[in-house]
Number of protein chains: 2
Amino acid sequence: MTAPRQLVLDAVRALGHATPEQVHVAVGRIAPGVNITTVYRTLELLEELGLVTHTHLSHGAPTYHAADDDQHVHLVCRGCGGIQELPPELLQPLASALRRQHGFLVDIGHVALFGRCGGCGSGEGDE
Amino acid sequence: MTAPRQLVLDAVRALGHATPEQVHVAVGRIAPGVNITTVYRTLELLEELGLVTHTHLSHGAPTYHAADDDQHVHLVCRGCGGIQELPPELLQPLASALRRQHGFLVDIGHVALFGRCGGCGSGEGDE
DNA sequence: CTAGGTGCAAATAGTTTGCAACTAC
DNA sequence: GTAGTTGCAAACTATTTGCACCTAG
C-alpha cells in the first residue's frame, strides 16, 4: 500500500460518495501531482480488493464509496438532482423475494432508485 | 415527425432495450446515412415528449426503451452481465413505503438492481 | 537488477455543439 | 423566406493504454 493508494482510499472514505474526479481533487489537495490516471487505477485495484465499491447514480458518473462504510440505498431525485440515503433494510423484503423467486442476489449497497422527491412533485428534470 | 425520427422510435420499440449506438446501427440498416448525432438528438426529443425513457444499466451506456412498452425492473448480473426483466409489481411494496415514509415517488420503470444471478454465485465480475 | 507503481501523453468511447445545407410550409 | 431538421466535423468529457522513469527490495 503506497502513499497515493492510501490517499485515494482515505479520500473515498472521507468523501462518502465520490466520482473519480472528486477523489482526484481531494487527493490533489493533500498531494498535488497525483495523476488522475493513478486515481482510476487505484480505484480499480481497491475495488478488486473489496475495499471500495461503486454505484451508478444518475448519468454515467460512477460514485465510489468505501466498502466498510454503511451500505445504503440511494434515492436520486430527477427533479432537483438531490440524493437521499436510506438504510438498506428497506430492500430486505424485495431482496429475499428476488432470491427466492429468481435466484438473484441483489447487491443491496449498490442500489439507486430514481424518481421524484417530495419537493419536486413534477416538472422538468434533467436526469 | 420526420422520417429519421420515426425510424429512431421504431428502432427503440423494436429493440426493447438499446444504447444510442445500437439504435444508430438499427436505424442505419434501414436508412443508411442517418447520423449518430441525429439519433442522440432524436432520443432526447422523444424523451421530452415522453415517448421513450432511458435507464442506466451497469456502466455508462444508457439504454433507451419505449415508454408505452411494458415497464419493468432490470436485474443486472455482475457475474455474467446478463439482464433479466421482471414485472414492476415487485417494487410496489417498496414504492409505497418510500412514498409514505419519504415522500419519494420511485420511477418504477427505471430501476436497475445489481447483483448475482443464480448461475453466477460468485467469482469475478466486471460490472 | 527486477518488479511494481507512477506520471505523462496519446488513444478511445461516448456525447454534444457549431454551422451550413435542405425541406416544408 | 422562415423555421425546424439534418449531416458533418470538431469539441468535449470521461476513461484507458503505452511507455519511460523511478524506487524498493
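In what follows, every chain begins at residue 1, and chains take the letters A, B, ... in the order their sequences are listed. What you see below is based on every heavy atom in this structure, not just the backbone, and it leaves out hydrogens, waters and symmetry mates.
- Counting any heavy atom pair closer than 4.0 Å across all strands shown, A/R41 reaches a base atom.
- Counting heavy atoms from C-beta outward, B/L86 and A/L98 have side chains that approach closer than 4.5 Å.
- The distance between atom CD of A/E47 and atom C1' of D/dT15, rounded to the nearest whole Å, is 14 Å.
- The side chain of B/T38 places an N or O atom within less than 4.0 Å of a non-bridging phosphate oxygen (OP1 or OP2) of D/dG7.
- B/H74 is not listed as a side-chain neighbour of B/Q84, based on a closest heavy-atom distance of 4.5 Å or more.
- Distance, B/I36 CD1 to C/dT17 P: 15 Å, rounded to whole Å.
- Taking side-chain N and O atoms only, A/Y40 has a distance below 4.0 Å to OP1 or OP2 of D/dT15.
- Going from atom CD of A/E44 over to atom P of C/dT6 covers 13 Å, rounded to whole Å.
- Nearest-nucleotide mapping onto DNA chain C: of A/T42 and A/T37, the residue sitting toward the 5' end is A/T42.
- Between the C1' atom of C/dG7 and the CZ atom of A/R5 lies a distance of 14 Å, rounded to the nearest Å.
- Note that CD of A/Q92 and CZ of A/R99 are 8.0 Å apart. Values are rounded to the nearest 0.5 Å.
- B/E48 places its CD atom 15 Å from the C1' atom of D/dT5, with the value rounded to the nearest Å.
- If you take CG of B/N35 and C1' of D/dT6, they are 8 Å apart, rounded to a whole angstrom.
- The separation between A/L49 atom CG and C/dG5 atom P is 10 Å, rounded to whole Å.
- Side chains of B/D10 and B/Q6 form a contact here, defined as non-hydrogen atoms less than 4.5 Å apart.
- Summarising the geometry, the separation between CG on A/L46 and C1' on C/dG5 is reported as 13 Å, rounded to the nearest angstrom.
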